[in-house]
Amino acid sequence: MTYPSRRLVIVVRADPVICGHAGEARNLAEVALTRGFDDVRLLTWPIPALQAAGLPLKPLDRLLPYSPGITVERPEPVGDYRVPDGRHLAGLTGRLVELLAEPVPTTCLSMYLVPHAAVVADALSAARAAGFDPDVRTIAKAVGSDVTNVIRSCLREDRLGAAIALFTTFLGNDRLVAVSQYTKDEIVAAAEQVDARCGTGFAEQSRRRVEIGYPPIDVSAYLDLDEADVDAALAARGLERDGYILFLSRVARAKGIYDLVIAYGQMHCRSRVKLVVAGTGPALEHVRAMAKEDDRVIFLTDVDDEEKPLLMRGCAAYALPTRPEPDFVETFGIALAEKLLAGGGPVVTTLTGGTGEAIGDAAVIVEPGDVGGLAAALDRVVLEMSDAERKDLEIRGREHAMSFERTAVFDRHFPPA
């Protein structure tokens, strides 16, 4: 039997999930093919499981294809109804054991520690116990909600055993990565709390070993856009260049969507620009109800990856007034960096979590939750900002966001062939 010479396995919530880290996995996979990996696999969840979880999903009939050499595997659950959630984990773990049993040097990257890092750890333990002796290097990437959702919940609810298990699994990997400096700081702070209450030694290891790995972006999808394509995409949606404020993200409270809709009702510029809410999420129906009497608020739930940069390029302003919530804090904000690459109207956002790392000094900043301040900032951008100031922000933004180019990010965090 012929085996590949080098394999990369990424365990992740991949497409069609609307999530920046699904795009991150895609970009890492594409670059891996140019860096000596001749077999790249995304190990992910069956689509019915993603749908049942209520995750926001892209249109299934318009997903971008992967390059030859990249295989997306969605193992079916193992067992029957008496093993509710564990069936899917068993499917993922079992398939990874099969891959590790093959005599192929392998790098395993888990994105989202819960549960993907546990899948890698369990599969590796099983493969070694079975006598396969896999040649494998493991990388675990904490993408943010691992800390802001899972670990914070453990500490808040005094469920320290779960926090210990998560840190033990994370630190058991060969290489540890956080999606932003903010995320690393949160990891260390949470580890200090666990150490103080349990006598563990997680904080020192986290402080010493965790490195920063910003999300990789395929910058070619956002640079040098054909202006005719932009105009055609806008016309198809009944929009005009610089004729709308764009919110393109998961429609959730933590993304500031309620603040934005309320602020839009107060804006002087609303007679000049529409508000386009592009995306899906848990707050979508509630926000629709809030705006049902306002025909200048437009909802787009079927924007695909090809249309996204065109909408970004054509807007008068891009607004993501993200705010900290108990179950979520924006730990980077990939869409912000993508918007800076696409150009077009300025970004208006908040310095919440890691957003400052995504935007540098190239955005208009408002305070989280300040509805009046948000309305005033967007009025200024649309009605008062000069062309020269807009151009300056665009140039500085693109220069900053180029640091997230996917090949450079990949080479910083993966060992050479």
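With rounding to the nearest 0.5 Å, the separation of CG in Leu42 from CZ in Arg74 is 8.5 Å. Atom CG of residue Leu310 and atom CD of residue Glu307 lie 7.0 Å apart, to the nearest 0.5 angstrom. The structure places CZ of Arg209 at 10.0 Å from CD of Glu204, a figure rounded to the nearest 0.5 Å. For the atom pair Ser110 OG and Leu96 CG, the distance stands at 10.0 Å (nearest 0.5 Å). Separation of atoms OG1 (Thr407) and CD1 (Ile217) is listed at 12.5 Å; rounding is to 0.5 Å.
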**OP:** Determine, stepwise, if the pair Tyr222 / Glu338 fulfils side chain to side chain donor-acceptor pair (under 3.5 Å).
**Re:** CA-CA 7 Å; Tyr222 298 90; Glu338 292 170 338; 3.2 Å; yes

Next on the checklist: Walk me through whether Val219 and Arg406 qualify under side chain to side chain contact (heavy atoms under 4.5 Å, CB included).
Outcome noted: CA-CA 7 Å; Val219 300; Arg406 66 185 186 180; over 6 Å; no

Practice task
Please step through side chain to side chain donor-acceptor pair (under 3.5 Å) for the pair Tyr214 and Glu357, ending with a clear verdict.
Solution key: CA-CA 9 Å; Tyr214 290 120; Glu357 297 172 69; 2.6 Å; yes

* Does the side chain to side chain contact (heavy atoms under 4.5 Å, CB included) test come out yes or no for Ile47 and Leu60, once each step is laid out? -> CA-CA 9 Å; Ile47 288 175; Leu60 296 177; 4.2 Å; yes

Exercise. List the steps, then state whether side chain to side chain donor-acceptor pair (under 3.5 Å) holds for Thr352 with Glu330.
Key: CA-CA 6 Å; Thr352 298; Glu330 192 74 68; over 6 Å; no

*Please assess Ser180 against Thr183 for the test side chain to side chain donor-acceptor pair (under 3.5 Å), listing each intermediate value before the final yes or no.*
CA-CA 5 Å; Ser180 62; Thr183 301; 2.9 Å; yes

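For the pair Arg7 and Phe37, the cation does not sit on the ring face, since its NZ or CZ is not both under 6.0 Å from the ring centre and inside 45° of the axis. The cationic group of Arg250 lies under 6.0 Å from the six-membered ring centre of Phe328 and within 45° of the ring axis, placing it in a cation-pi geometry. Relative to the ring axis of Phe410, Arg35 does not place its NZ or CZ within 45° and under 6.0 Å from the centre.
Side-chain contact check for Ile298 versus Val277: every heavy-atom pair is 4.5 Å or farther apart. Looking at Leu160 and Leu155, their side chains come closer than 4.5 Å, going by heavy atoms from C-beta outward. The shortest side-chain heavy-atom distance between Glu405 and Pro216 does not fall under the 4.5 Å cut-off.
For the side-chain contact (heavy atoms from CB on, under 4.5 Å) test with Val276, the passing option among Ile245, Leu246, Leu311 is Leu246; the others fail.
Applying the 6.0 Å contact sphere to CD of Glu306 captures no more than 12 heavy atoms from other residues, nucleotides or ligands. Within a 6.0 Å sphere centred on CD of Glu192, heavy atoms belonging to other residues, nucleotides or ligands number more than 12. Atom CG of Asp61 has more than 12 heavy atoms from other residues, nucleotides or ligands within 6.0 Å.
A salt bridge between Glu98 and Arg95 is present, with a side-chain N of the basic residue lying under 4.0 Å from a carboxylate O of the acidic one. Ion pairing between a basic and an acidic side chain is recognised when a charged N comes within 4.0 Å of a carboxylate O; Glu394 and Arg398 show such pairing. Taking the charged nitrogens against the carboxylate oxygens, Asp242 and Arg313 have no contact shorter than 4.0 Å, which rules out a salt bridge.
In this structure, Phe247 has its ring center at least 6.0 angstrom away from the ring center of Tyr264.
Using a 30° and 60° split on the angle between ring planes, His116 and Trp45 fall in the tilted class, from 30° to 60°.
Side-chain contact, Thr93 with Asp122: no donor N or O sits under 3.5 Å from an acceptor N or O.
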